[in-house]
Amino acid sequence: MTSFVLQQFVSSLREAAIGEDSAGRVRRLMTEAFRDPAAVRAAMTGFSGEEEILFEDDNLSIWYVGFDPGKHVPPHDHQVDATIGVYDGDEINHFYLAAADGLQLKSSKSLGPGTVISMRPDTIHSVETANDRWSFGIHVYLGPLSRIERSLFDWESGERIPLDDDAFARYERPSFT
């Protein structure tokens, strides 16, 4: 097992988030760190529940995120580049296109321990756990995610809805699985 030290990782991400090709540099750091998901998991033992902000400034947000079994979070955007790494459990990310007649499912991707994906600011996705276990990951956003006006999308109509905690809870669904 390699060594993963959360504070060192956060420092490296902070450096990577500044300057040209920040999305590429963050992706490379995440890919390297998540080659050993057991080491990441061992460093994250103090975290539980759905989410916690690990760091945030004007350039970068780093979040611990857990998805509980049986829940499918609604389609949403981030408005900034995002990189997600899963270190425990399994989840499915569904990607959508906003169309005049609603959301159209574009693709789905299963993520397990060690998987890293990147999304552009305009990406619309939903997330569900893939089985009866929690899924845990680190999400990195190139901006102050907690202060950005983001959107949810109605499952059927595709209507854009301002994202807040109440709307997020109202639009959650049971998992497909």
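- Taking CZ from F55 and CD from Q7, the interatomic distance works out to 10.0 Å, rounded to the nearest 0.5 Å.
- V116 and I84 are members of different hydrophobic clusters when ILVMFWY side chains are connected at heavy-atom separations under 4.5 Å.
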Given the rule in the side chain to side chain contact (heavy atoms under 4.5 Å, CB included) test, do V140 and M30 qualify, once you have shown the distances and angles that lead to the verdict?
CA-CA 9 Å; V140 179; M30 291 283 286; 3.7 Å; yes
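- A 4.5 Å side-chain heavy-atom check between F95 and I117 finds at least one atom pair inside the cut-off.
- Looking only at side-chain heavy atoms (C-beta outward), L29 and T31 stay at 4.5 Å or farther from each other.
- Note that the CD atom of E91 and the OG atom of S110 stand 9.5 Å from one another [nearest 0.5 Å].
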Taking it one step at a time, do H139 and H78 satisfy ring pair (Phe, Tyr, Trp, His ring centres under 6.0 Å)?
CA-CA 11 Å; H139 296 206; H78 298 118; 7.6 Å; no
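- Look at R27 and D81 and you find no salt bridge, because none of the NZ, NE, NH1 or NH2 atoms lies under 4.0 Å from a carboxylate O.
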Go through the steps to decide whether M44 and I138 satisfy the test side chain to side chain contact (heavy atoms under 4.5 Å, CB included), and finish with yes or no.
CA-CA 10 Å; M44 301 298 289; I138 295 176; 4.2 Å; yes
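- If you take CZ on F136 and CD on E50, they are separated by 10.5 Å, rounding to the nearest 0.5 Å.
- Counting only heavy atoms from C-beta outward, the side chains of D36 and F4 never approach each other to under 4.5 Å.
- Here CG of D58 is found 13.0 Å from CG of L142. Values are rounded to the nearest 0.5 Å.
- Here the side chains of I62 and I53 are not in contact, with every heavy-atom distance at 4.5 Å or above.
- To the nearest 0.5 Å, the span separating CE on M119 from CD1 on I124 amounts to 12.0 Å.
- Taking all atoms of both residues into account, the shortest heavy-atom contact from A98 to L103 is CA-CD2, 4.0 Å.
- Side-chain atoms of Y96 and H94 include no donor-acceptor pair closer than 3.5 Å.
- Between V65 and E52, the closest side-chain pair of non-hydrogen atoms is not below 4.5 Å.
- Between W155 and P74, the shortest heavy-atom contact is CZ2-CA, 3.4 Å.
- Residue L105 is not grouped with residue L97 when hydrophobic side chains (ILVMFWY) are merged at heavy-atom distances under 4.5 angstrom, including chains of intermediate members.
- At distances below 3.5 Å, at least one donor-acceptor pair connects side-chain atoms of S61 with backbone N or O atoms of G143.
- Salt bridge D154/R170: absent, no basic N to carboxylate O contact under 4.0 Å.
- Residues V10 and Y87 are members of one and the same hydrophobic cluster, defined by side-chain heavy-atom contacts under 4.5 angstrom among Ile, Leu, Val, Met, Phe, Trp and Tyr.
- Atom CG of D21 has more than 12 neighbouring heavy atoms from other residues, nucleotides or ligands inside a 6.0 Å radius.
- Side chains of F34 and V40 form a contact here, defined as non-hydrogen atoms less than 4.5 Å apart.
- No donor-acceptor distance shorter than 3.5 angstrom exists from the side chain of T83 to the backbone of V26, with no hydrogens or angles considered.
- The residues R14 and E56 are annotated as not salt-bridged, no charged nitrogen and carboxylate oxygen being separated by less than 4.0 angstrom.
- Counting heavy atoms of neighbouring residues, nucleotides and ligands inside a 6.0 Å radius, atom CD of E149 does not exceed 12 of them.
- Linking ILVMFWY side-chain heavy atoms closer than 4.5 Å, directly or via other members, places L54 and V86 in two distinct hydrophobic clusters.
- In this structure a side-chain-to-backbone donor-acceptor pair under 3.5 Å is present from S12 to Q8.
- Atom CZ of residue F168 and atom CG of residue D166 lie 12.5 Å apart, to the nearest 0.5 angstrom.
- Residues V127 and I92 fail the side-chain proximity criterion, which asks for heavy atoms closer than 4.5 Å.
- Checked by atom type, the side-chain pair S126/H72 shows a donor-acceptor distance below 3.5 Å.
- Contact check for F67 versus V73: side-chain heavy atoms found under the 4.5 Å cut-off.
- Of the candidates D68, D88, D90, D88 is the only one forming a side-chain hydrogen bond (donor to acceptor under 3.5 Å, both in side chains) with R133.
- A side-chain donor-acceptor contact under 3.5 Å links S175 to the backbone of T129.
- With hydrogens and angles disregarded, no donor-acceptor distance shorter than 3.5 Å links the side chain of R150 to the backbone of L163.
- Grouping the Ile, Leu, Val, Met, Phe, Trp and Tyr side chains by contacts below 4.5 angstrom, directly or via other members, places V80 with F153.
- If you run side-chain hydrogen bond (donor to acceptor under 3.5 Å, both in side chains) between N93 and each of K109, H125, E128, only H125 comes through.
- Residues P113 and G89 share a closest heavy-atom pair of CD-O, 3.2 Å.
- Annotation for W134 and G49: closest pair CZ3-O, 3.5 Å, computed over non-hydrogen atoms.
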